[in-house]
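To keep things clear, I will list the structure first and then write my remarks on it.
A note on names: the letters A, B, ... follow the listed sequences, proteins ahead of strands, and every chain is numbered from 1.
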Protein chains: 2
Amino acid sequence: MELSDRKKRILKSIIDAYIDSGEPVGSKFLTSYGNISLSPATIRNEMSELENMGYLDKPHTSAGRVPSSSAYRLYVDELMENYRLTMEELNVINELMHFKASELDKIITQAGKVMSELTQCVTLSFTRENGADTISRFDTVFVDETSFLLVMISGTKQVRSEHVKTEYYINDEALCAIRRVLNENLTGITLENVTMPLIMKMEAEAGRLAPLINPIIRIAFSCFETEGDGSVKISGLSNLLSYPEFSDVEKLRSLMDMFDKKKGYLKNLLSSPDPQNAENLGLVPQDFGSDMKIYIGNEHDGTAFSDTGMVFCTVPMGNTQSVIGILGPKRMDYRKAVSALRVLAENMEKTAGIENNQNTEDINEQ
Amino acid sequence: MELSDRKKRILKSIIDAYIDSGEPVGSKFLTSYGNISLSPATIRNEMSELENMGYLDKPHTSAGRVPSSSAYRLYVDELMENYRLTMEELNVINELMHFKASELDKIITQAGKVMSELTQCVTLSFTRENGADTISRFDTVFVDETSFLLVMISGTKQVRSEHVKTEYYINDEALCAIRRVLNENLTGITLENVTMPLIMKMEAEAGRLAPLINPIIRIAFSCFETEGDGSVKISGLSNLLSYPEFSDVEKLRSLMDMFDKKKGYLKNLLSSPDPQNAENLGLVPQDFGSDMKIYIGNEHDGTAFSDTGMVFCTVPMGNTQSVIGILGPKRMDYRKAVSALRVLAENMEKTAGIENNQNTEDINEQ
DNA sequence: TTTAGCACTTTAACTTCACGAGTGCTAACA
DNA sequence: TGTTAGCACTCGTGAAGTTAAAGTGCTAAA
């Protein structure tokens, strides 16, 4: 059965009101809320039908109605209006762009903070690893007699460096030798191709510094490896406490446990386009525009996410991709989250191309 | 008035019991708890006096007694026994030491996780900045035609590097020129001494690449700057939810707000030996052994920490210092926290001296 | 098709009440 | 003089009962 226009309008009003208040919405309240000019009785009839169709739930007989998951899905798909960010809100995002960080990671972290502040939800963010990447060039910088900086440049022009300290006497000549050994043997290959014979060959070539080869190999490949759980950044957790739906400590705990101990899951969720990952966590994925996805928790499974909604999008920046997700109660303000993320993503893509440019601009201004 | 031995024994038993259960302790319960063989009536008399002396509080007439802040202070100072970590617990810490991380930061993060798991509290950790440090040497590594790696070595042999991307054409010669300009003008000085004339001099020397000077200066000095709020790592937040004292969402929120938004305070608290910082946050500092400090919340001020206790210590590692703190309810198990931290600190100091040594050992084993 | 009216349901908030836990005091005891 | 038993008193907790408010569904009228 198709939803009549009027039903849609009523449903939308209910959801809007519920997002505002978090309380079940009654028929009488609706008459004075949206642009609906019908009597409570008529609205009750419509609500009753909407309930039969699975869009509304009743906590109990004499409470108002609460939107079901499918209602939210319909809402984000077609009912939801565009949220116009206020100038103030736009400014907050724009300021972020002037954040003088050359490091991607810092920008993402900061972006997470801004988004959580703006939407009063939790933000999850992380920078996607690009999978198999090989090292295309090694370089070294002398620091002192017992340590040096090992610089690695990957095939995709990622640069990593690591301060290596040793017990051995280091000089320019030694560094040069190490560099040569590394560049001749380790460039363009993955960790799987580092065989014992190769290691022994390198050690032979390294002469006096042979004992350094093994640790260097470990360092080199671990640098480009996934950074483990630590890479999912979370901010604004305390925002959740304002929502009455999280005043139940148990619910909160299951969510926080997820954040604390199971970041791996989150990472999968954020990084994989495979909706199966979402469903395993009790979320129903919903494509939304180009890079935007909305997941809405499934009520009747006991997972941590069953009462939450989540909007996230990927932000391509230079040659890496970041994912930023906004997680809140199921009745979170999807409109605002979507708009904020969209503005953020556009801004970041724009500035990503020119990176340190804002600095050069600064110069011109002076 | 001096505390008699018996009073101390009774007080200790009360605190122990309260740490166990979180419930007010009654006189009758005590007879069967510690090694006290007195009648409830006698204990009541003693308790009554302890209350007059300010060591015990009564939530209301017919509840048991609850230790006051000064009781906790006395407890950690002289009543508390040593907690012997079980073999299992020791193993967890030892395993941590084999964590093959060349980065200090990762070890600290991991240590925080282990500590929070062990004590079922929150751990705060961060690596202390060494204040005013100047750059003693610049180096550069060519990456591609429009970017290079800027390497900075500080007076205290800290190494930082930053990938600088530009719009200008870069080659070895240009890099060499930049390096020279930087080394000749910026080594050994602090940001305050970077004057406009100096900048203009450098720009003149840099010729074609003059526009790069300004951004590079920013990058260079921000690299050694404090890393902002991000540097305080927090783990095990969800542990707090198990304690009934935090089932009140408001208390939780004030704490989490602190973690979320006011990491600066925390950092001050952790990094400064100045007790004033603690008192501003409603904590009463208490020196405890060499590098160990215990702060106990002050009941009657409304700060976030009024219901918490905190044990923390500094761990010197190589040429930096880290601080790890364990924060829990005021009735947290101080014994265990102190022991765990002590073992951790000892282990870390031990391994800090040899840094990458475990790697070299690995080689020898193969 | 819409609306007004009304009976019905259910929860939240408030009272009352009895119970249990723990105290403080007094008097007896060693 | 220090310790203990006994007892009255206090206070919070939980159960049970009651009321008020909010919202629904249904029926009948407009």
Starting at atom [atom1] of [X], determine the distance to atom [atom2] of [N], rounded to an integer number of angstrom.
X     : N      : atom1 : atom2 : result
A:I10 : D:dT24 : CD1   : P     : 12 Å
A:E23 : D:dA22 : CD    : P     : 12 Å
A:L30 : D:dA22 : CG    : P     : 16 Å
A:K7  : C:dT2  : NZ    : C1'   : 14 Å
B:F29 : C:dG22 : CZ    : P     : 10 Å
B:E51 : C:dC25 : CD    : P     : 11 Å
A:R65 : C:dT9  : CZ    : C1'   : 13 Å
B:E49 : C:dG24 : CD    : C1'   : 13 Å

Check your understanding: Should we count NZ of B:K28 as having more than 12 external heavy atoms under 6.0 Å?
Key -> no
Point to revise | Among D:dG25, C:dT11, D:dC11, the one nearest B:H60 by side-chain distance | key: D:dC11
Study note, to complete from the structure: Per atom distances to the B:T61 side chain, the nearest of D:dT10, C:dT9, C:dT23 is D:dT10
Exercise for review: Kindly determine whether A:E78 and A:K8 satisfy salt bridge (charged side-chain N to carboxylate O under 4.0 Å, His left out), including the steps that lead there.
Suggested key: CA-CA 10 Å; A:E78 54 170 314; A:K8 283 184 186 171; 3.4 Å; yes
Looking at [Y] and [X], is there a salt bridge between them, counting it only when a charged N and a carboxylate O are closer than 4.0 Å?
X      : Y      : result
B:K251 : B:D307 : yes
A:R335 : A:E81  : no
B:K7   : B:E49  : yes

Study note, to complete from the structure: Letter by letter from the 5' end, nucleotides 3-9 of chain D scores (B base, S sugar-phosphate only, - none; protein heavy atoms under 4.0 Å) SBBB---
Point to revise | Sole residue of A:K113, A:Q120, A:M115 in side-chain contact (heavy atoms from CB on, under 4.5 Å) with A:E117 | key: A:Q120
Check your understanding: Applying the side-chain contact (heavy atoms from CB on, under 4.5 Å) test to B:E89, which of B:V343, B:L118, B:V114 qualifies?
Key -> B:L118
Check your understanding: How would you label the contact of A:K28 with the nucleic acid (heavy atoms, under 4.0 Å): base, sugar-phosphate, or nothing?
Key -> nothing
Check your understanding: NA contact type, B:S62, heavy-atom cut-off 4.0 Å: base, sugar-phosphate, or nothing?
Key -> base
